Enquirer: 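Below is one structure. I have some questions about it.
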Protein chains: 2
Amino acid sequence: MAKKHEMIYRDLVRKITHQLYQSGTFLPSENELAALYGASRETVRKALGSLLENGFIHKIKGKGSLVLGLDKYAFPISGLTSYRELDSLFDMHTDTQVLQLAQTTVPQTLFHLEADEELPATYIQRLRIVNGEPLVIDNDYVLTNVVPHISKGVAQDSLYRYFEETLNLEIGYGSKEFTVVPATEGQRQILKLPPNSSVVSVKGITHLQDNTLLQFTESIHRADKFKFIEHARRKML
Amino acid sequence: MAKKHEMIYRDLVRKITHQLYQSGTFLPSENELAALYGASRETVRKALGSLLENGFIHKIKGKGSLVLGLDKYAFPISGLTSYRELDSLFDMHTDTQVLQLAQTTVPQTLFHLEADEELPATYIQRLRIVNGEPLVIDNDYVLTNVVPHISKGVAQDSLYRYFEETLNLEIGYGSKEFTVVPATEGQRQILKLPPNSSVVSVKGITHLQDNTLLQFTESIHRADKFKFIEHARRKML
DNA sequence: GAGTGGTCTAGACCACATG
DNA sequence: ATGTGGTCTAGACCACTCG
């Protein structure tokens, strides 16, 4: 399962992060890379496309692929959504507390569902504690017709690992919506927030590769600790 | 300047939004589309890649390209950053008020610059009023060595239009950082917010195609009106 | 003019889904 | 067995940059 353009992508990421290719310099040309990796130019270009998407390089026509990475004006990291995903990259002494685990249905108003829909689901509420501070409340609704049962041990560990490694479900795509809302009384208590605090609500819907609806999520983040960074290219469409 | 894969992309977007291809159904196969548009399959695939990126379709191996768009569980719109970009898509009775326009240097602490750097820039502060409500304060610092002068008329209209159409500058790429912070006294007054309000700060850096640093921006959004939606595919890298 | 990235092609083989 | 998308190739022509 080793796709060539992914191998090239990973190798280039490694060489950039290890500064074998330094920021401010140009990568070898596409033809040179093709020769280097024994690949066609289009395949190299696929790898470079991934580097572009993730903010590692910027391409300049007629000149080459400029390494960005550690540019002095660049913001720290690209494409991460809050601490939940930060945890997996850095060591942050993260703890997870399972607060609730029960059978219910997906709350209709929260996710803009039609009034008459009843979607049976396992409700999991978890508190994410980073460096001793309660930072995030994850509220997950996992549809029962896809995942019949979820144990406390699985909730404590990782839902995604359970889905992918044990159940062999393949995550496909999803959408997320970020808004800032006043904290509810319950959220204030759990996150130990002062009165009139705001939280960042990240609502998400996740589908499997085969388009099956899997999961609804609302993550409640302490607003003062929330950060989202995005790298964008000018879209010419 | 009509790139084939863009033409195909635009045509497919049109047909999806006009429901000639309805959500829940599959697009014609890649081979059929190639024949339809008189293009090679790889070119069609480039167009489909754009549709994928923008959340219009989901591809399933062995089956086809599933149209999403108006799926009943999908969130409304993908890839937009708040009202600033919403305005350009919908008619929203938007007004812009130029509050300040002056020569300064880019504030060092705000954008994590090194202490000894002095970047001369034109500072523009603008208030965005949507449907009579003051929603966003845009603070732009446009580097003087790239754009020597900006008139009030230009600030009132659109900086980007001026950069691209009049000065023929090509926007390349940028990064954005979203955080939630307490409103300053000045922001509270301008946005007419109650005490102890929070705002969403979107800090951005914009580069030109040739990698020249163009602009620093901090947009201050009313937190209760801010929304950001993202479509994500499972990344297999 | 030589080198670069941007686009496009016509073919090939594979893994997967479906009947 | 057929059709689908996923990957890869070897070549072509273009627009751009730079000496």
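A quick note: this is a predicted structure, and the numbers were derived from the prediction, not measured. Letters go in sequence order (proteins before strands), and every chain restarts at 1.
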Enquirer: It should be established whether S29(A) places a side-chain nitrogen or oxygen under 4.0 Å from OP1 or OP2 of nucleotide dT4(C).
Expert: yes

Enquirer: Taking atom P of dG3(C) as reference, at what distance in whole Å does atom CG of L27(A) sit?
Expert: 19 Å

Enquirer: It should be established whether S65(A) places a side-chain nitrogen or oxygen under 4.0 Å from OP1 or OP2 of nucleotide dT4(C).
Expert: no

Enquirer: If I take atom CD in residue E30(A) and atom C1' in nucleotide dT9(D), what distance separates them, rounded to the nearest angstrom?
Expert: 15 Å

Enquirer: Is K3(B) near enough to dT7(C) that one of its side-chain N or O atoms lies under 4.0 angstrom from OP1 or OP2?
Expert: yes

Enquirer: So if I take every side-chain heavy atom of K61(A) and compare against dT9(D), dC8(C), dG5(C), which nucleotide ends up nearest?
Expert: dG5(C)

Enquirer: Mapping I60(B) and R45(A) to their closest nucleotides on DNA chain C, which lands nearer the 5' end?
Expert: R45(A)

Enquirer: Does dG6(D) have OP1 or OP2 sitting under 4.0 Å from an N or O in the side chain of K46(A)?
Expert: no

Enquirer: Starting from C1' on dC8(D), measure out to CZ on R41(B) and report it in whole angstrom.
Expert: 11 Å

Enquirer: If the cut-off is 4.0 Å, is K4(B) near the phosphate of dT9(C), judged by side-chain N/O to OP1 or OP2?
Expert: yes

Enquirer: Name the closest nucleotide to the K59(A) side chain, picking from dG5(D), dG5(C), dA10(D).
Expert: dG5(C)

Enquirer: In whole angstroms, how far is the C1' atom of dG3(C) from the CG atom of L33(A)?
Expert: 14 Å

Enquirer: Examine the base of dC8(C) for any acceptor or donor lying under 3.5 Å from a partner atom in the side chain of E42(A), and report the outcome as yes or no.
Expert: yes

Enquirer: Are E30(B) and K59(B) within salt-bridge range, i.e. N to O under 4.0 Å?
Expert: yes

Enquirer: Using a strict threshold of under 4.0 Å (side-chain N to carboxylate O), is an ion pair present between R126(B) and D140(B)?
Expert: yes

Enquirer: Side chain of S40(A), heavy atoms from C-beta onward: which of dA15(C), dG5(C), dT9(D) has the nearest atom to it?
Expert: dT9(D)

Enquirer: Please state whether the phosphate of dG5(C), meaning OP1 or OP2, lies under 4.0 angstrom from any side-chain nitrogen or oxygen of K63(A).
Expert: no

Enquirer: What I want to find out is whether E6(A) reaches R10(A) closely enough, with some N-O distance under 4.0 Å, to be called a salt bridge.
Expert: yes

Enquirer: Whole angstroms only, please: what is the CG-P distance between L66(A) and dT4(C)?
Expert: 15 Å

Enquirer: Among dC8(D), dT4(C), dT7(C), find the nucleotide with the atom closest to the side chain of E32(A).
Expert: dT4(C)

